[in-house]
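Here the structure comes first, spelled out in structure tokens, and everything after it is commentary.
These values consider heavy atoms only, across backbone and side chains, with no hydrogens, waters or symmetry-generated copies. What you see is a predicted model, and the numbers here were worked out from it, not measured in a lab. Start at 1 and go down the list; that is how both ligands and their atoms are numbered.
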Amino acid sequence: MKDYAVLRFNALKELGHRKVERFYQEEGKVTDYFAINVFDREKMRAYFTAGAFEAVAAAIDEGKKIDRKVADQIAAGMKTWAIERGATHYAHWFHPLNDATAEKHDAFFEPTKDSKLVENFKGELLVQQEPDASSFPSGGLRNTFEARGYTAWDPSSPIFIVDGTLCIPTVFVSYTGEALDLKTPLLKSQQVIDKAATEVCQYFDKEVTKVYPTLGVEQEYFVVDDAMFNARPDLMLTGRTLMGHTSAKDQQLDDHYFGAIPMRVSAFMKDFETESYKLGIPIKTRHNEVAPHQFEFASSFEEANLAVDHNLLVMSLMKRIAKRHRLKVLFHEKPFAGVNGSGKHCNWSLRTNTGKNLLSPGKTPRNNLQFLTFFINTICAAHNHGYLMMASVANLSNSYRLGGHEAPPSMLSVFLGQTLSGVLDSLEERVSEKKMTPDEKTELKLDVVGKIPEILPDNTDRNRTSPFAFTGNRFEFRAVGSSCNPASPVLIINAAVAEQLVRFKNDVDKLITDGVKKDEAIFQVLRSYIIESKPIRFEGNGYSEEWHEEAKRRGLREINDIPESFKAFLLPESQKMFNETGVLSNIELDARFEIRNETLVKKLQIEQRVLGDMALNHIIPTAIRYQNLLIENIKGLKEIYTSEEFKEFAQPQLRTLKRISRHIKDLREKVYEMVDERKKANLIEDIEKRAKVYWNNIFPYLDSIRYHIDKLERIVDDSLWPLPKYREILFLH
Ligand code: ADP
Ligand code: MG
């Protein structure tokens, strides 16, 4: 048996059925332990003084600043709770600009002057911490010699305990105040959309005083055996396989989707779900996905900032908990060529303090006019910034998935479904720019607006090929990659919709000032937006060739050149939106642009180094061994047979030998060529230019090198092949 197979065999023996079953023993009802590791409102009330509780509640509900003086009381309450729950350390938990989360752990205890240990945790630690920030991506925002970044508690996301550490969700900003994270702009985008949407709601409902975006995440992932994973340097170092091909049977029978979940995976799921429930994370569904070993979970929607934190938290929990099961979770968008990749569908909507979903049609024409207002403005926002939305999820790993025949195409369009497309068409036709008669207005309200069904039939008629689809009471952004921090796209949707709502309010108010009645003004403005945003609407098959042609005609920009797409952040209309909403300054945008380019170069460099090493250290030596076996065999045949017989019987070996020799030669040449190209590219100072050269000149080597390796994998004796193949990795029991 090969080494990795022995390792897997031993691990399975050790895990055994009893151990796997242990994880089935849930700790009572979910409601008994839901959120026990979260310091939620109820616990705050119990552990805080009245003053401290009020201060925190005002910070959560109204975004008020917490006074320094109460901070100590707050910290004391948190510490008492955490220590009672067995925590020994605390950490500021934040999202640096690399789709990961970071934390720095400090122990609660501190020595006093007389060398005794006391447990300490002061308010100042809550408000501000200075982690050594030099090794997080900053895009030139922070001089490394200063290495200063500050973290401060985000009270809208509750603190929690993981593994004996009290984790405090924080923002992460530079010494000069620029955001070094994704949470800061996300929180800003929530404030602006709250303001803009609340103002628009006043046309319809004076009781609305707060609007917040909601987010429900569907997360896809792969699970593989960790012995297999550890035997593949490419999976370990890049998160995906850089070589290998699908075996005779993969997903073609469609027998994995919604099939029975393998027992080991199901034990793993129960385990991480239990831990998630303890952290108050409402995971709702689990099922198999299309590819072998691919799965999905979805959480109930929550306020967006909390949903983002929860998504990132579950991802890190899953990685940790998989270890207990001798499994590895892969969040890479395309770990295996030839089978489906993984996405992270971001379901987005707006909710009011009165509990109304603004993207849900209502019972009355009045409610429906409000629904249409938010619906049409969101479509318009997608039309204004569709390219930027796609760019926000464009990176190397997602580029392997987008545009394939499994994931949304790489240009944005919006799917509405038949019913609502019909409503928009009727509005366009029947609203007049001239003053409407009372009869016309009544008819419009009754016939069009009043007839929107509360539950849309299109809810079930799903168009899965659309990157931004309306699904009955929310928009679903499907282009997001499985490893992406959902804050990236969500903050852009928030900002784009906020900008659009401000514009809507201005346009309507202007008409009202000119003497047009309110409802008529709203109808007129909506009609103009329907016309304006038409190019972004598409109901057909997004995977089809015709759509690509059609999209081009409509002027929709496709993302196929990743470094080019990063410029979407620097477009005048993007800068205007970010600046006017205050979500990101130009300095912060420049920094993000630089980080994206830098990350692309680094990731490509790593993939290429790993591929080069594997080609030279694993593949070529193995191919040579087989080459020698063949040579020996051919020599033997020559000794035994007459030259006539030799000609006949040595034919297949000679042919294989020739093919192997050619692949070895070409492979070696390509690897050296790639290294030379990279050396040249690394001399380019300007990061934007370097990323372009990496993308255009060096990126293609990944495929051309892989070509030879995959050919060799098919020819070389399986018992010599040192790496587990797809058929071994994608087979779990
Ligand atoms: P379906 O099975 O039709 O996809 P689900 O109810 O499973 O519908 O929802 C899929 C995802 O959409 C879940 O993550 C859910 O939380 C989310 N979702 C539902 N309603 C909203 C909403 N109003 N805002 C944001 N996300 C939502
Ligand atoms: Mg889905």
Out of S299, A298, A304, who is nearest to atom 15 (C) of ligand 1 when you count heavy atoms only?
S299

NZ/NE/NH1/NH2 to OD/OE distance under 4.0 Å, K534 and E428
yes

Before we go on, tell me: are the rings of F538 and W547 under 6.0 Å apart, centre to centre?
yes

Relative to ligand 1, is N357 under 4.0 angstrom through side chain, backbone, both or neither, heavy atoms considered?
side chain

A student comparing R474, E302, E476 should find that the heavy atom closest to atom 10 (C) of ligand 1 comes from R474

Candidate with minimal heavy-atom separation from atom 20 (N) of ligand 1, of W348, F301, F297, F475
F301

For S349, counting its heavy atoms only, list the atoms of ligand 1 lying under 4.0 Å from any of them.
22 (C), 23 (N), 24 (N)

Taking only non-hydrogen atoms of S300 and a 4.0 Å limit, the atoms of ligand 1 in range are 16 (O)

Please determine whether any non-hydrogen atom of V217 lies less than 4.0 Å from an atom of ligand 1.
yes

Within 45° cone of Y400 ring axis and under 6.0 Å: R240 NZ or CZ:
yes

Looking only at side chains, do D205 and Q370 share a donor and an acceptor under 3.5 Å apart?
no

When the aromatic ring centroids of F331 and F222 are compared, is their separation below 6.0 Å?
no

Parallel, tilted or perpendicular, judged at 30° and 60°: which one describes the rings of F475 and F375?
parallel

